[in-house]
Amino acid sequence: MTAVRPDFTIEQNWQGYSGEEHAIWRLLFERQQRLLLARACREYLEGLSGLGVAADGIPDFRRLSDILNRATGWRIVAVPGLVPDDVFFAHLARRQFPSTCFVRRRDQLDYLQEPDVFHDICGHVPLLMNPVFADYMQAYGEGGSKALGLGHLQRLARLYWYTVEFGLIATEAGLRIYGSGILSSAGESIYCLEDPRPRRLRFDLRRIMRTRYRIDDYQQLYFVIDDFQELFDATSPDFAPIYREIAVLPDLEPTAHIDCDLEFDAGRRKKNWATHQRGPSLGRKRLEDVRQDHNR
Ligand code: PHE
Ligand code: CO
């Protein structure tokens, strides 16, 4: 039966899925497949085909883990739902991705607040086939235990939210999706790229750590990276002094505008960043801004 082990893992019990559960997976998979071919980033689509996750039904985690393990050393472990933060971080640090097993109901096809097997497997796992992203996720797990100890979990959680869950990436062909929360949502995978309402800002570690997020609706704000190497490099410095620096600054709402914001222009081309500065900036220039000036 579903005995929960001390590390919160369970058996997936693949044999136990019903025909209806596999049918719901197929519905979700086929719909996303159509939407994502021109919207997901290349790394995601490559991971998906490398894993052979297909429309035939909910995959067996053991089969996926074997492929994933050969590619980047990651495995999938089954969990009953959200696990405690420290347990989650410990799994990531050991290159184990905790995935839920249950699939949403037919009346929940369009939006679900908690993760299900479709979100975890089709949203997260394909990117773990990418070596740089795989390293980022492990580093995040290690950073998670550290943030817990320092009392700054909330700031680190915002980084996860605005990258792993809702990140966008600028490519030569235009904006693409890498955030798993978007990749597993039919509505948001269109909205995040094509709707004029949400803002799309240049990735900025400190700004992200200061920005609240909402979990009950499409995002009003996305952050855009140039590539996974940039994400890895920007997050590799010691966060302890950064947490202290940010702790004295006010939190920002997703709708807030601040002077250092760089907007992605119209979602068309790479490195098309525009500042919308209203009046002179009062704050001292941060290192990132100086670096960006040099790159102009
Ligand atoms: N560099 C971070 C720290 O020192 C750890 C981390 C890496 C966090 C990557 C998130 C992502 O705490
Ligand atoms: Co997720």
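Ligands are counted one by one from 1 in listed order, and the atoms in each one are counted from 1 as well.
Checking F166, Y160, W161 one by one against Y213, the ring-ring contact (aromatic ring centres under 6.0 Å, His included) holds for a single residue, W161.
Around the Co ion (ligand 2), the two atoms NE2 of H124 and OE2 of E165 are separated by an angle of 100°, to 10 degrees.
Of the listed residues (M137, K146, H152), the one carrying the non-hydrogen atom nearest atom 4 (O) of ligand 1 is K146. Between atom 1 (N) of ligand 1 and the options G143, P237, G144, P241, the minimum heavy-atom separation is to P237.
Qualifying ring pair (Phe, Tyr, Trp, His ring centres under 6.0 Å) partners for F228, counting only residues two or more places apart in sequence or in other chains: F133, Y178.
Near L156, with a cut-off below 4.0 Å to any heavy atom, the atoms of ligand 1 are 8 (C), 10 (C). Of all atoms in ligand 1, listed by their number and element, those nearer than 4.0 Å to a heavy atom of D238 are 4 (O). Every atom of ligand 1 is numbered from 1 in the order shown, and the set under 4.0 Å from a heavy atom of L159 is 10 (C). Contact atoms of ligand 1 toward T235: 1 (N), 2 (C), 6 (C), 7 (C), 9 (C), 11 (C) (distance under 4.0 Å to a heavy atom of the residue).
Judged by distance alone, the side chain of R34 and the main-chain N or O of F29 form no donor-acceptor pair under 3.5 Å. At least one donor-acceptor pair under 3.5 Å links the side chain of D261 to the backbone N or O of I258.
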Check residues 77-92 and write down every donor-acceptor pair under 3.5 Å in which the side-chain atom is one partner and the other belongs to a residue at least two apart or another chain.
from, atom 1, to, atom 2, distance (Å)
H91, ND1, Q96, NE2, 2.9
H91, NE2, D7, O, 2.9

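Q138 and W74 share no donor-acceptor pair across their side chains, judged by distance under 3.5 Å alone. Counting only N and O atoms by type, the side chains of Y218 and S185 include no donor and acceptor under 3.5 Å apart. There is no side-chain donor-acceptor pair under 3.5 Å between R244 and H152.
Here's the thing with F239: one of its N/O atoms is less than 3.5 angstrom from an N/O atom of ligand 1.
Remark: distances from the non-hydrogen atoms of Y136 to ligand 1 include one below 4.0 Å.
In A147, neither the side chain nor the backbone holds a heavy atom less than 4.0 Å from any atom of ligand 1.
Among the backbone and side-chain atoms of D120, no N/O/S atom is found under 2.8 Å from the Co ion (ligand 2).
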